[in-house]
There are 2 protein chains.
Amino acid sequence: MAPNIRDIARMAGVSVATVSKVINNYPHISPKTKEKVMTVIKDAQFMPNSVARGLVKGRSMTLGMFLTTGLVHPFFVHILAGMEDSLKESGFDLLYLSQVNWNPDYSFVRHCMSRNVEGVVVFGFQRFDLNLDELVQSEIPAIFIDLDMLGKKAGYVTSDNVDGIRKSVRYLKEIGHTRIAFLTGGLESYVGKLRFEGYKQGLADLGLPYLSEYVYIGDFSRESGIEATQKFLSLDNRPTAIVCSSDMGAVGVIEAMKEAGLSVPGDMSVIGFDDIDIATHTVPSLTTIRQDTFGIGQNSIRLLLEIINNANCPPPTMIVPTELVVRDSCAPLA
Amino acid sequence: MAPNIRDIARMAGVSVATVSKVINNYPHISPKTKEKVMTVIKDAQFMPNSVARGLVKGRSMTLGMFLTTGLVHPFFVHILAGMEDSLKESGFDLLYLSQVNWNPDYSFVRHCMSRNVEGVVVFGFQRFDLNLDELVQSEIPAIFIDLDMLGKKAGYVTSDNVDGIRKSVRYLKEIGHTRIAFLTGGLESYVGKLRFEGYKQGLADLGLPYLSEYVYIGDFSRESGIEATQKFLSLDNRPTAIVCSSDMGAVGVIEAMKEAGLSVPGDMSVIGFDDIDIATHTVPSLTTIRQDTFGIGQNSIRLLLEIINNANCPPPTMIVPTELVVRDSCAPLA
DNA sequence: TTGTAGGCGTTATCAG
DNA sequence: CTGATAACGCCTACAA
């Protein structure tokens with residue numbers, strides 16, 4: 001059995017209180033006893049039970065994380081890696097709150113409370129999912145990834161989606177394109193809406209007209225890329241380039257072009273969004289907007305700790321910059 | 001503030017013990033009081049503090065997970081999805097033990113104890129990393145993924161690596177190949193060794209000779225695929241097919257062949273291992289051995305719960321079957 | 001059927 | 001500087 005603080009006290013010949021003080025680096029304690037207690041602790045491999053500690057201190061040193069059920073997001077590993085990076089020196093561990101069940105009785109807030117988590121990161125949900133709202137209104141520090149939720153203690157971090165797509169449009173214009181189509185992501189999602197916004201702004205920036213037949217409402221999927229392409233190819237005045245809201249969509253576009261016997265980038269320039277692993281391996285490799293997923297993870301935890309540590313800091317928000325990665329799927333217009 | 005059991009007791013006009021009994025579904029309690037207490041609980045949105053509960057019961061209803069620092073494994077999302085599936089109805093949440101630091105003082109066991117986790121899943125480590133051994137010897141239930149660690153309370157789950165590679169070899173033989181080369185993964189890793197073993201057995205099964213010049217010692221990376229290809233192409237008696245220990249290695253092979261002006265599968269058949277997302281999108285798309293990553297995650301938790309619930313079940317082990325996925329990177333030998 | 005009281009491992013408050 | 005002792009929120013004999 002693991003020794004507890006009483007065992008240590010007995011072995012060191014001091015009181016429980018003294019051991020506690022040594023553990024927590026209290027002042028007013030003689031070097032001699034400190035020394036003695038420390039040795040006993042080392043020898044006995046003692047480590048204070050953080051659960052009991054949490055009970056009395058009202059702190060648990062654990063952060064929570066809500067993921068939407070069955071989310072299989074290729075990015076997630078990188079986000080987690082970023083989170084770990086921020087977690088490392090903080091003393092916090094991360095609890096994956098896995099029992100989100102989609103019946104109306106379920107409460108994010110109660111789940112958090114019952115687990116004594118000091119704050120949560122939320123990823124993959126939509127604004128009106130379940131009673132997410134209750135969480136936002138609550139006193140529980142929360143950081144949302146890719147969802148602009150703001151509350152007393154709730155903020156968010158997301159990529160600069162608007163600017164990312166604007167960069168795409170600008171780049172295509174720079175290499176001569178003016179008939180630039182757009183494949184949206186799911187418009188029910190926050191990032192989907194923003195990327196669409198980015199497209200409109202991008203056109204406006206450059207004085208290009210917005211044409212509704214150059215827009216296909218998709219859902220981030222490869223399939224929607226295929227469908228979009230078929231639609232665009234059927235147009236009298238075909239676009240010469242397609243900006244996509246996701247790499248998977250762009251993959252679909254490339255496939256559909258090949259299927260139609262046309263060439264990318266010869267007959268159509270294509271640009272993605274995300275920079276997932278696949279982007280390097282498509283033929284042609286994909287020019288895309290890279291999201292700093294590691295940075296998103298890193299900052300989600302960093303901001304969360306900020307809320308927790310500064311009693312009344314305003315709910316923090318962070319827009320993480322994106323980067324244009326030029327590969328082979330775009331060509332200057334002849 | 002969240003109500004506690006005392007608040008509920010007061011509001012319901014009963015004792016704390018009674019409330020506790022209601023919560024825990026004790027027998028001998030009158031329907032009337034039960035009813036009353038239940039209503040109060042609903043109204044007050046009360047949820048017992050699982051931390052305090054854990055302290056007294058000696059159970060925490062949390063499982064732990066150790067990941068190697070900075071692990072960015074494309075599979076991990078799928079494994080996590082599988083874990084979640086098993087976790088869902090269990091009442092357990094999953095604690096990501098993030099503070100693994102690689103100095104000799106760090107102890108997996110103490111980290112577990114201090115967090116009161118009832119068991120852990122370990123992924124991405126090698127046999128002699130840190131003091132993993134202490135964990136295996138301990139009383140803490142543990143399931144290792146892709147590492148054959150066995151202890152009183154420790155078991156593992158992994159793909160059928162040997163059989164997977166044997167399937168590759170057999171498939172190539174069936175379509176006419178006999179000069180079959182092999183790209184190993186990192187041989188310091190458990191799965192790397194097993195896959196190598198699978199290659200040897202595969203040849204033996206079919207009465208094919210083992211030639212050391214047909215083996216390249218790699219490390220699962222794309223780069224090692226490139227290097228292996230260069231070596232194999234320089235041979236007098238070139239192989240006609242390459243079995244790879246990873247999809248990334250196979251991707252490297254395809255690249256190097258293209259670079260050399262040769263064709264896959266025309267001049268060389270290539271077969272991967274893993275079935276990562278990229279496999280579908282290479283040109284040609286990759287014939288490969290699919291790992292059931294969801295199943296691995298699912299079973300890791302399932303087995304762990306088994307150890308926890310059955311006091312003295314033997315340390316469980318699970319070899320998850322693989323599946324040959326035929327795509328376009330292999331061709332019959334003319 | 002219900003309530004009382006002791007304890008889980010730790011920290012915090014006061015005396016000494 | 002050190003040591004009793006009462007919390008923290010909950011569960012569980014045992015008593016009533």
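Labels below follow one simple rule: chain letters A, B, ... track the order of the sequence lines, proteins then strands, and each chain is numbered from 1.
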On DNA chain C, nearest-nucleotide positions of B/L55 versus B/K34: which is more 5'?
-> B/K34

What nucleotide, of D/dT2, C/dT1, C/dT10, holds the atom closest to the side chain of B/S30?
-> C/dT1

Length of the line joining A/M61:CE and C/dT11:C1', which is rounded to integer Å = 15 Å

State which of D/dC1, D/dC8, D/dC11 makes the closest approach to the side chain of B/I5.
-> D/dC11

Give the nucleotide from the list C/dT10, C/dA12, C/dT2 with an atom nearest to the side chain of A/A17.
-> C/dA12

Describe the nucleic acid contact of B/S20 in one word from base, sugar-phosphate, nothing, applying a heavy-atom distance below 4.0 Å.
-> base

Does the side chain of B/R59 reach to within under 4.5 Å of the side chain of B/F92, using non-hydrogen atoms?
-> yes

Look at the side chain of A/S15 and decide which nucleotide, out of D/dT12, D/dG3, C/dT2, has an atom nearest to it.
-> D/dG3

Got a donor-acceptor contact below 3.5 angstrom from the A/K152 side chain to the A/Q137 backbone?
-> yes

Hey, is the side chain of B/R53 poking within less than 4.0 Å of OP1 or OP2 on D/dC11, counting only N and O atoms?
-> yes

Distance in Å, B/T62 OG1 paired with B/L94 CG, rounded so as to fall on 0.5 Å steps | 8.0 Å

Describe the nucleic acid contact of A/V14 in one word from base, sugar-phosphate, nothing, applying a heavy-atom distance below 4.0 Å.
-> sugar-phosphate

Please report, rounded to the nearest Å, how far the P atom of D/dC1 is from the CD atom of A/E35.
-> 16 Å

Winner on side-chain proximity to B/V56, out of C/dT10, D/dC11, D/dA13, is D/dC11

Can you tell me how far P of C/dT1 sits from NZ of B/K21, to the nearest Å?
-> 11 Å

Of the candidate nucleotides C/dT1, C/dA12, C/dG3, which contains the atom at the shortest distance from the side chain of B/T18?
-> C/dG3

For the side chain of A/N4, starting at C-beta, report the closest nucleotide among C/dG3, C/dG9, C/dT1.
-> C/dG9

Rounded distance (Å) that lies between atom P of C/dA12 and atom CD1 of A/I23 = 11 Å

Using a cut-off of 4.0 Å on non-hydrogen atoms, how would the nucleic acid contact of A/S50 be classed: base, sugar-phosphate, or nothing?
-> nothing

Can we call the ring centroids of A/F123 and A/F75 under 6.0 Å apart?
-> no

Distance in angstrom units between B/Y26 OH and D/dC14 C1', rounded | 13 Å

To the nearest Å, how far apart are B/R10 CZ and D/dG9 P?
-> 12 Å

How close or far is atom P of D/dC10 from atom CZ of B/R59, stated in whole angstroms?
-> 18 Å

Could you check which of D/dC10, D/dT2, D/dG3 has an atom nearest any side-chain atom of B/N49?
-> D/dC10

Whole angstrom value for the distance that separates P of C/dG9 from CE of A/M47 | 17 Å

How far apart are the closest heavy atoms of B/P48 and B/I23, and which atoms are they?
-> CG-CG2, 4.1 Å

Under 30°, 30 to 60°, or over 60°: which ring-plane class applies to B/Y190 and B/Y156, parallel, tilted or perpendicular?
-> perpendicular

Short side-chain N/O contact to D/dC8 OP1/OP2 from B/R6, under 4.0 Å | yes

